Number of protein chains: 2
Amino acid sequence: MPRLEKSDLQKIVGARIQKLREERGFTQVDLAGKIEGVFDTTNVSRLESGRTNPTLYNLHRIAEALEISLSELLDISEE
Amino acid sequence: MPRLEKSDLQKIVGARIQKLREERGFTQVDLAGKIEGVFDTTNVSRLESGRTNPTLYNLHRIAEALEISLSELLDISEE
DNA sequence: TTGTTTAATGCCATATATGGCAACATTGAA
DNA sequence: TTCAATGTTGCCATATATGGCATTAAACAA
């Protein structure tokens with residue numbers, strides 16, 4: 001399969017975050033609230049829709065809030 | 001174990017990149033050259049030393065260059 | 001209908017990741 | 001010694017992630 005472009009990677013990871021969030025019955029506001037420290041709900045929406053290129057630390061904080069490891073959050077081998 | 005702070009996470013991931021790079025016998029210049037597109041060697045040094053908070057796409061490109069999955073690159077369960 | 005919840009989006013300001021280059025120190029080979 | 005290779009750091013400019021807020025729209029309930 002071809003190289004994953006930046007925007008495609010963002011979309012895949014964003015869709016994965018959304019799927020994991022919905023599986024837990026969280027709204028975007030819920031998720032932002034569970035994330036350690038400051039995290040704007042606007043950012044949840046942007047990340048889930050793949051509009052931005054998230055940082056390591058934010059991915060880590062999202063994984064924490066979803067109670068999953070960073071490695072599992074970024075396991076996109078099924079995509 | 002306590003929450004991982006931002007700078008600690010950066011250091012752990014940076015050390016992991018360095019370890020994987022050295023296992024492959026690459027210099028920082030080699031690694032930067034193997035990364036798809038533009039990637040400055042200065043950035044390799046900064047990321048390995050944990051001074052910056054890398055983005056998803058750059059972590060993906062580094063994983064590609066190291067011929068490892070993104071998920072494996074970020075598997076820090078041993079740290 | 002009206003009101004609420006949820007999510008997306010536009011805008012702006014700020015913080016910071018990165019590119020790029022120069023300077024420097026260290027190491028080891030010639 | 002001199003030279004090259006390697007890595008770090010400081011600096012600056014640019015790109016972009018994020019915070020924060022307002023607006024909009026859809027879905028649904030009262």
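In what follows, every chain begins at residue 1, and chains take the letters A, B, ... in the order their sequences are listed. Keep in mind it's a predicted model, so treat the numbers as computed, not measured.
Distances were taken from every side-chain heavy atom of T42(A) (C-beta onward) to each of dA7(C), dG20(D), dG19(D); the shortest belongs to dG20(D). Considering only side-chain atoms of R51(A), the nucleotide from dG7(D), dT9(C), dT18(C) that sits closest is dT9(C).
No hydrogens or angles considered: nothing links the side chains of T55(B) and T55(A) as a donor-acceptor pair under 3.5 Å. If you check the side chains of S7(A) and Q10(A), you find no donor sitting under 3.5 Å from an acceptor.
Counting distance only, with no hydrogens placed and no angle test, the side-chain atoms of R46(A) and the base atoms of dG10(C) include no donor-acceptor pair under 3.5 Å.
Residues A32(B) and F39(B) approach most closely at CB-O, 3.4 Å, considering heavy atoms.
In this structure, E22(B) atom CD and dT6(D) atom C1' are separated by 11 Å, rounded to whole Å. Atom CD in Q28(B) sits about 18 Å away from atom P in dC21(C), given to the nearest Å. When rounded to the nearest whole Å, the span between CD of E48(A) and C1' of dA17(D) equals 16 Å. Per the geometry, CG belonging to L31(A) stands 10 Å off P belonging to dA7(C), to the nearest Å. Atom CG in N53(A) sits about 11 Å away from atom C1' in dA15(D), given to the nearest Å. Computed from coordinates, the I17(A) CD1 to dA8(C) P distance equals 12 Å when rounded to whole Å. As a whole-Å value, the separation of F39(B) CZ from dA17(C) P is 13 Å. Atom CG in D40(A) sits about 17 Å away from atom P in dC12(C), given to the nearest Å.
With respect to the salt-bridge test (charged N to carboxylate O, under 4.0 angstrom), the residues E67(A) and R24(A) do not qualify.
The residue S45(A) sits close to a base: some heavy atom pair falls under 4.0 Å. Counting any heavy atom pair closer than 4.0 Å across all strands shown, V38(A) reaches sugar-phosphate atoms only and no base atom.
Toward the 5' end of DNA chain D, the nearer of the two residues D30(B) and S49(B), judged by each one's closest nucleotide, is D30(B).
For the OP1/OP2 pair of dT18(D) and a distance below 4.0 Å, the side-chain nitrogens and oxygens of N58(A) include at least one atom meeting the criterion. Dashed line: the shortest gap from a side-chain N or O of R21(A) to OP1 or OP2 of dA7(C) is under 4.0 Å. Between T55(A) and dA17(C), a side-chain N or O to OP1/OP2 separation shorter than 4.0 Å is absent.
Interatomic distance, D75(A) CG to L74(B) CG, rounded to the nearest 0.5 Å: 11.0 Å.
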